[in-house]
Every structure is written in C-alpha cells, then in structure tokens.
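Structure record follows, encoded as structure tokens.
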Protein chains: 2
Amino acid sequence: MEHRLDRIKKELHAQSYKLTPQREATVRVLLEREEDHLSAEDVYLLVKDKAPEIGLATVYRTLELLTELKVVDKINFGDGVSRYDLRKEGAKHFHHHLVCTECGSVEEIMDDLLEEVEEIVQKDWGFLVKDHRLTFHGICRVCQENMEEEEKN
Amino acid sequence: MEHRLDRIKKELHAQSYKLTPQREATVRVLLEREEDHLSAEDVYLLVKDKAPEIGLATVYRTLELLTELKVVDKINFGDGVSRYDLRKEGAKHFHHHLVCTECGSVEEIMDDLLEEVEEIVQKDWGFLVKDHRLTFHGICRVCQENMEEEEKN
DNA sequence: GTGGTTGCAAATATTTTGCATGGCT
DNA sequence: AGCCATGCAAAATATTTGCAACCAC
C-alpha cells in the first residue's frame, strides 16, 4: 500500500505536482476501496472521514489529475455518474467489467483477452490501439442461480 | 428507410406506444444521421428543422423509449454527454468503436470480433453475456499519417 | 371521456469555475 | 514574494419531472 502511494507520489513530483494531504487522503481511499467503482461523491464522503475539511471540488480536481497521470481510469457504466478505477500496477491496459443487469454488481476481469482482437483492428483498420474499454452486460452467476430457483417454484 | 421506420412503428405498437409526429421526426433524424453519434441536444436541434414546436424533454423521452425498445443504444465516450446510436437491423450485439485521441473521430466496426472472448467469459466466469460495449482508444490512420509527415519536417 | 403524449418551466444532479485565502519555499 | 493548491459558492451542463393542455380513438 505504502509502496503504491510512494509510486504515485513520485509520478506527481515528476510532473511537479505535490502530494498534499488532501490528495494523499484521496489516493488512500482509492487504494483501500480498490475493488469498488466509486463515484466522485462516494470518494468525497469517504475522504471526509480522514480529512473533514476537504471540499468536493478538490476531490474532483484530484481525480482529474490522477486520470491525467493514468493512475486511475474514469469510467462510465451508463448511469449519469463517472466512476474512478485505480489502474493495476504495471497493467498495460484497462481491465474489463462484467455488469449484471439484474443485481447491478460489477465484476472485474484482469486477463487481457483482447490481444488478438487488437491485432485485427490494427491490421484491418489501420488503427493504432492505445487502450480499450470492454464491458459485458448480462447476468452474473448468482442471479442465474436465483432465477433457476424461482423457476422451480 | 421507410421500411425501417415501419418496423420501429410496429415495435412501438407492440408495446402500445404510438408513433407520434414528434417521435417519427426523431426517428427520421436518427436514420438520416446513422453514422453519427448524436447527443440528445444534437438530435433536438436537427429535429427542430422538421418539427419546430418540439421540446427538448420530448426528445429525451423519445430517446429513452427507443433505448428501452433496443432500437437505439445509449453510449458514452467519456465526455459528459450521452450519445444515441441506432442498432443495425438484425444485429445481435452492439457494434464497436474506434475513438481517435488525436482528432476525436469515431469509427464503427460491425464485425463481431468477440465471439471467442464471450465464450471464455461464459465458461470461466459463469457470466451469461447478453451484450457488450467495446471501445478502442488510439490513433486513427489519418492522424498516424499526419504524425509521420510532421516527423519528416 | 380516457389515456397516452407533449411543451414548458422548474427541479435535480453532476461537474466545473472564479476568486479570495492559505501554505510552502 | 511567488506559486500552486484549497474551500466555498456560484455557474454551467445535462437530464428528469410536474403539470396543465392536447390529441386520437
């Protein structure tokens, strides 16, 4: 954890930004809740526990900064809210998501899966791929099981 | 064109919705500008040419309705705006996009490309895939060529 | 008349910005 | 002093909702 914070600190410094207490508190929240997909508001509320004086605007500014530095990815699942997702260390690409249309759960997939597809896109469309976003919509294992249960009744 | 409009009309009727003049004008705009990725505001301005009395709220309501009926897909490229994209006729899945980070152009890919990946997801994660969203970010052919030009100078 | 539909205005929600203040070097 | 960063409030954007009026059957 501290190791990743240090890394982020270095990346900030490399661009002559500072790791202020507010920024540190924000990054810590993101590290602690890595599996979640927090909105700016979510982050704000969690950061307020650590640093009660912080303002929402600062959280937005910090998240924007972290997005620029590619420390987080800004994602959007179609509700009106942007969510922020920490990049895995050393990950070349953004990871994928499985969004369940029944229960709304979001599962992450770290495997790349798209290497072949990217090659096709580069070859056939002449498009130089830098990153991707892949989200599957469907029904998660748990909801499938629940639906089978219901059918029995 | 009329054929597709008819189809949409039937789908509306099947759910006891009507194809009002406002809805028709909206659908016509979407059909005419199929290659584009229009925001609600964009659609509104275009529809106003055909039906000047229409209100923005009606456009939003129509687009929401069409999304429900799976006539259009609501997408989001990360700017704060939702865009609406007509489903290709008979398309099982949403098509993919290539977003150029240099010039902002958006190219569409109709090929499926993901069949194998979906099988993996179903098998390894027990997730029943219904649809997907895939967007590649990178540099389009034209911008790549421009960048090569510049390097020569 | 009934029920879905519309336009307008107001309300909401999310994100951005202006500006005076504060902290660090 | 100079500069980046912050908090607050106001502004800007995007979208949704309440409601009276409207239209078609």
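Chain letters run A, B, ... following the sequence lines, proteins first, then strands; residues in each count from 1.
With B:Leu30 as the fixed residue, the side-chain contact (heavy atoms from CB on, under 4.5 Å) test singles out one of B:Asp36, B:Thr62, B:Leu63, B:Leu46: B:Leu63.
Put simply, A:Leu86 and A:Val81 are part of two different groups of oily side chains (I, L, V, M, F, W, Y) that touch within less than 4.5 Å, one to the next.
For C:dT6, neither phosphate oxygen OP1 nor OP2 lies less than 4.0 angstrom from any side-chain nitrogen or oxygen of B:Thr58. Applying the 4.0 Å criterion to OP1 and OP2 of C:dT6, one finds that B:Thr20 has a side-chain N or O inside that range. Contact annotation: B:Ser82 side-chain N/O to D:dT15 OP1/OP2 distance is under 4.0 Å.
Among the nucleotides C:dT6, D:dT17, D:dC8, the one closest to any side-chain atom of A:Ala57 is D:dC8. Taking only side-chain atoms of A:Ile54, from C-beta outward, the nucleotide of C:dT6, D:dG7, D:dT15 with the closest atom is D:dG7.
Between the CG atom of A:Leu65 and the P atom of C:dT17 there is a distance of 15 Å, given to the nearest Å. Atom OH of B:Tyr60 is separated from atom P of C:dA11 by 19 Å (rounded to the nearest Å). When rounded to the nearest whole Å, the span between CG of A:Leu56 and C1' of D:dA9 equals 12 Å. With rounding to whole Å, A:Leu19 atom CG is found 11 Å from D:dA5 atom P. Rounded to whole Å, atom P of D:dT13 lies 18 Å from atom CG of B:Asn76. Between the CG atom of B:Leu63 and the P atom of C:dT6 there is a distance of 12 Å, rounded to whole Å. The CG atom of A:Asp79 sits 12 Å away from the P atom of D:dT15 (whole-angstrom rounding). The CD-P distance, from B:Glu64 to D:dT15, rounds to 12 Å in whole Å.
Residues A:Leu134 and B:Arg133 have side chains not in contact (no heavy-atom distance under 4.5 Å, counting atoms from C-beta outward).
Nucleic acid contact for B:Glu53: sugar-phosphate only, since backbone atoms but no base atoms lie under 4.0 Å from a heavy atom of the residue. Contacts of A:Gln22 with the nucleic acid, taken as non-hydrogen atoms under 4.0 Å apart, involve only primed sugar atoms and P, OP1 or OP2. No contact: B:Glu41 has no heavy atom under 4.0 Å from any strand.
Heavy-atom distances to DNA chain C give each of B:Tyr44 and B:Lys18 a nearest nucleotide, and the one nearer the 5′ end belongs to B:Lys18. When the nearest nucleotides of DNA chain D are assigned to A:Tyr17 and B:Lys74 by heavy-atom distance, the more 5′-ward of the two goes with A:Tyr17.
Residue side chain B:Arg61 does not reach the base of C:dG4 through any donor-acceptor N/O pair under 3.5 Å, judged by distance alone.
Using the six-membered ring where Trp is involved, B:His37 and B:Phe77 have ring planes that are perpendicular, over 60° apart on the 30 and 60° scheme.
For B:Thr101 (side chain) and B:Gly138 (main-chain N/O), a donor-acceptor pair under 3.5 Å exists by modelled atom type.
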